[in-house]
Amino acid sequence: ASSFAPRLGVDGLSALFLATLGLIAAPALVFSLRYLQPTPRGRLVGTLTSAFLLALALVVCARDPFTFLAGWELMTLLSGAVILVARGADREARQTVFSYLAVTHLGGVGTWVAILLLAQAEAIGNPAAIGSGSGLQAAIALAALLGMGTKAGVMPLHVWLPRAHPLAPAPVSALMSGVMIKVALYGLIRVLVEWDGVLPVWLGVVVLAVGALSAVGGVVYALFQHDLKRLLALHSIENVGIIVLGIGACLVLRARGADAWAAFAFAAALLHTVNHAVFKALLFLGAGVFERAVGSLEIDRLGGLLRRMPWAGGAFLVGAMAIAGLPPLNGFASEWLTLQALLHVAQYGDVADGVAGAIALAALGATAALAVFCFVKVVGLVLLGPPRTPAAAAAQEPPLPLRAALLFLAGTCVVLGAAPGLLFGTLVGLAPWAGAAPTHAGLQVPGTGSLPTVAIAVLLLGTTAALAVLRGRRSAAPAPTWACGQLVEPALRWTSAGFTKPLRLVLEAVLRPQREIAVRSEGGVLQEVSYSGHVPQLIDDRLYGPVTRFSLAAAGHARRLQSGSLGTYVAYLIALVLVLLAAARLGVIG
Amino acid sequence: MSIAAAVAGAVQVVGGVALAPLLPGLVQHWKARLQGRRGPTPLQPYRELRRLWGKSTVDPEGASVVYRLSPAVVAAAVLAAILIVPVAEAAPGWGVGHDALALAGLLALARFAVAASSWDVANGFALMGASRDLTLAVFVEATLVLALAVAALESGTTDLRGVVAGTAGTHAWASPALALGALAFALVVLAETGRQPVDNPDTHLELTMIHEGPLLEYAGRDLAYLQWAAAARHWLVLVLAAQIFLPHPHGVWWQLAILPIALVVLCAALALAETLVPKMRVLLVPRLLALGAVAALLGIAASIAGSS
């Protein structure tokens with residue numbers, strides 16, 4: 001076992017995550033300086049946020065197991081503390097932080113088991129120490145998937161994420177969704193790809209299945225949310241699923257011996273990690289701006305914010321297009337790479353894992369289309385159309401520090417979208433089996449048709465400009481939107497629930513939406529109709545409900561052991577000593 | 001760049017930009033004949049475009065730059081897609097690559113722009129059409145990706161020029177993989193071109209339209225861009241169907257010679273399918289597309305089993 005000597009160090013992978021941390025933390029801190037000023041306890045929240053960032057850096061730079069685990073725990077505790085302090089420890093915050101800590105620690109058992117087993121086998125830094133295909137390797141991998149997956153927010157261990165992220169103040173949500181989840185994935189990548197040796201094919205397929213489930217489940221549930229921050233938090237689960245799909249593809253390809261494509265899949269996962277950090281932080285900071293300007297985050301009560309806040313709204317639009325995976329922005333490049341990696345899983349595998357790769361490929365294609373659906377809805381309801389409330393009609397452009405943070409992140413999206421190849425070569429080189437790729441601005445990957453991102457961006461922008469000029473200025477007089485001659489009243493406007501209704505009906509059997517319609521009529525004349533609809537999180541009812549009830553029942557039974565009488569406790573101690581003596585005599589212990 | 005590649009490039013651009021409106025024109029012409037009417041000539045879409053080009057655009061109240069730029073973005077995305085899809089196994093490099101999976105992203109950009117413009121004008125019909133379009137697009141995208149994957153696995157690359165070369169001749173049809181992929185792609189063609197049983201391109205009733213909805217608030221040159229883009233989508237999917245999922249010969253010159261014949265045959269097949277098959281309920285269309293996706297998965301399994 002290693003001695004208790006804390007060591008810190010930075011290698012290639014740590015440097016990448018540190019750079020991402022810095023890239024996101026800089027604008028988030030500039031944002032929070034101005035954003036937290038008028039809030040009560042703003043200084044304390046700011047201090048705790050900075051400590052949280054240091055804890056994240058500690059995890060990424062840790063070079064011995066104890067520092068890693070210490071940083072891991074501090075990450076969770078400090079973010080919980082920030083939520084409590086920012087919300088003044090009201091009831092909702094207390095319950096949410098409790099469930100956050102509970103779920104992450106219950107799942108986090110896996111992290112401890114994985115890291116300590118690796119340390120005991122002295123496999124950290126020496127992947128040959130664990131036999132390939134052995135039970136120990138599989139145990140470590142599954143424990144890491146459980147523990148680090150809970151912290152990253154993969155389904156079905158994600159329940160804390162949509163509860164905790166919306167409660168934190170906007171810049172802290174941006175850091176939690178943008179960086180903390182990524183650091184959890186850093187741990188997962190270290191264990192699965194680097195420390196645990198070459199994993200067998202079935203483990204890669206398990207990782208693929210978990211990734212596909214998170215990706216599709218995250219975005220489907222995100223579609224039916226009408227609170228902007230909760231929607232963004234559920235969408236983070238989708239993107240974590242895409243990254244895990246890339247990791248799974250890397251594992252299967254490595255197990256099949258296709259080292260070059262395993263390195264490309266690894267680079268795809270890392271590229272999506274960086275991209276998601278950038279655009280998710282941008283979207284959360286934008287949500288903070290809208291909350292500050294309008295006072296509410298219900299997307300059905302916003303509207304028309306692009307005309308009221310051109311800079312902030314424009315940056316949010318760029319972030320929404322990036323997360324929807326549209327060319328020429330950065331989300332498209334990393335999703336394209338992940339699609340290619342999954343296609344090559346089908347190419348290099350045999351029938352079973354090839355079909356698994358193909359199913360994952362279809363899941364990713366469907367996820368991309370669902371993300372477009374979700375963010376058209378968000379953009380349409382928040383930024384476009386007429387303002388839906390007087391507060392939205394009176395919204396003002398945010399002050400300069402907030403705008404600067406948003407525009408910096410939007411510019412990063414554009415730059416990463418135009419030249420992902422510059423990062424791609426470095427990322428392929430980070431794979432422990434040392435792949436290599438020449439550096440171009442676009443993505444030139446052998447075996448594909450290549451993605452010259454600069455040329456595509458130039459072509460799209462140039463053609464759009466030319467066609468806009470050709471469109472001319474001749475236009476009819478301004479007139480209201482055509483609604484068969486009626487005026488478009490606020491009561492007739494489309495809402496989030498209406499826009500997503502076709503998908504809700506198609507997926508009815510899976511989602512089990514609940515609907516309540518109450519009709520009140522007096523004397524045969526209809527007075528009032530009220531409608532409420534809700535898409536429940538099935539996992540809450542089917543998995544967490546029974547588990548919670550069982551745990552509470554078991555705790556109730558165990559409470560009988562606490563009789564309160566001193567004599568009983570002394571008897572327990574004597575029994576324990578006798579059992580230990582017997583075990584030592586029989587040779588079970590020591 | 002050889003002469004063959006240069007000629008193929010010329011056919012690609014001229015066909016995609018200038019000859020694309022002829023394809024829906026042919027389909028409408030034959031559909032009318034099959035229904036016992038005389039119908040318009042196949043050149044009718046050109047007359048439509050010329051008429052629209054001379055009219056002024058509309059300015060709905062409250063519309064922002066998103067409404068004004070959307071048609072240009074849609075046309076630009078579809079133009080980039082035309083440059084990606086080659087018409088034979090050799091094509092000049094237009095600089096945008098030839099990747100099959102990049103095509104899906106560009107079509108997604110066009111869909112996003114159209115749906116965003118319908119939110120901008122807050123037109124009820126447009127939003128209804130946009131919401132159905134986006135719902136069906138989830139299943140169309142999955143099926144499209146799987147069908148292209150079948151073709152890519154059969155030819156060993158996702159470069160569309162390599163795919164055309166790899167699926168040429170008769171050896172690719174020895175295993176059922178490509179036939180299953182063709183079945184899946186046929187459903188994608190119906191969905192992308194907006195033909196029955198997925199959508200009815202002839203009406204503008206809110207109950208039956210999906211792709212026509214968001215076009216309602218546009219007029220003049222904007223509408224010309226959007227109608228050209230719809231015609232160009234016909235070109236894209238029919239060229240892919242002809243040069244990948246139908247039997248085609250080796251060699252650039254033979255492929256170029258057979259392309260017009262294949263396109264005409266496919267237009268006739270589309271007209272026949274539209275006449276014979278009634279429109280499905282919108283919410284049942286995903287089941288049809290799921291059938292295509294399952295067929296493509298079986299094709300992938302057959303392809304892997306055949307090659308290993």
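Note on naming: letters A, B, ... go to the chains in the order of the sequence lines (proteins, then strands), and numbering restarts at 1 for each one.
The aromatic rings of B:Y67 and B:Y218 lie parallel to each other, with less than 30° between the two planes, well short of the 60° mark. Between A:F499 and A:W494, the two ring planes are perpendicular [angle over 60°; tilted spans 30° to 60°].
Note: A:L326 leads A:L223, A:L326, A:L342 in heavy-atom pairs under 4.5 Å with chain B. In terms of non-hydrogen atom pairs under 4.5 Å with chain A, the most contact-rich of B:A137, B:G220, B:A301, B:A104 is B:A301. Counting heavy-atom pairs closer than 4.5 Å to chain B, the top residue among A:A358, A:P452, A:A362 is A:P452. Top candidate by heavy-atom pairs under 4.5 Å with chain B, chosen from A:R474, A:R473, A:K501, is A:R474. Per-residue counts of heavy-atom pairs under 4.5 Å with chain B were compared for A:V506, A:L467, A:T463, A:L381; the largest is that of A:L467. Of the listed residues B:T135, B:V73, B:L106, B:T157, the one with more heavy-atom pairs under 4.5 angstrom with chain A than any other is B:T135. Here A:L460 is the residue among A:L460, A:V372, A:V355, A:L459 with the most heavy-atom pairs under 4.5 Å with chain B. Of the listed residues (A:P478, A:G365, A:G385, A:A476), the greatest number of heavy-atom pairs within a distance under 4.5 Å of chain B belongs to A:P478. Considering only heavy-atom pairs separated by less than 4.5 Å from chain A, the leading option among B:A122, B:G95, B:S64 is B:G95.
In this structure a side-chain-to-backbone donor-acceptor pair under 3.5 Å is present from A:R308 to A:A393. Without hydrogens or angle criteria, B:R221 side chain to A:L470 main chain gives a donor-acceptor distance under 3.5 Å. No donor-acceptor pair under 3.5 Å is formed between the side chain of B:D120 and the backbone N or O of A:G380.
Contact of B:L153 with chain A is made through the side chain alone, with heavy-atom distances under 4.5 Å. Using a 4.5 Å cut-off between heavy atoms, B:A224 makes no contact with chain A at all. Contact of B:L148 with chain A is not made at all, since no heavy-atom distance falls under 4.5 Å. Both the backbone and the side chain of B:L101 come within contact range of chain A, each with at least one heavy atom under 4.5 Å from a heavy atom of that chain. Looking at B:A116, both its backbone and its side chain come within 4.5 Å of chain A, counting heavy atoms on both sides. In this structure, chain A has a heavy atom under 4.5 Å from the side chain of B:L79, while its backbone stays farther away.
For A:W261 and A:F264, the distance between ring centers is under 6.0 angstrom.
Counting only N and O atoms by type, the side chains of B:D222 and B:T57 include no donor and acceptor under 3.5 Å apart. Under 3.5 Å, the side chains of B:E154 and B:S303 contain a donor-acceptor pair of N or O atoms. No hydrogens or angles considered: nothing links the side chains of B:D159 and B:H98 as a donor-acceptor pair under 3.5 Å. Counted by atom type alone, A:Q340 and B:T158 present one or more donor-acceptor pairs between their side chains at under 3.5 Å.
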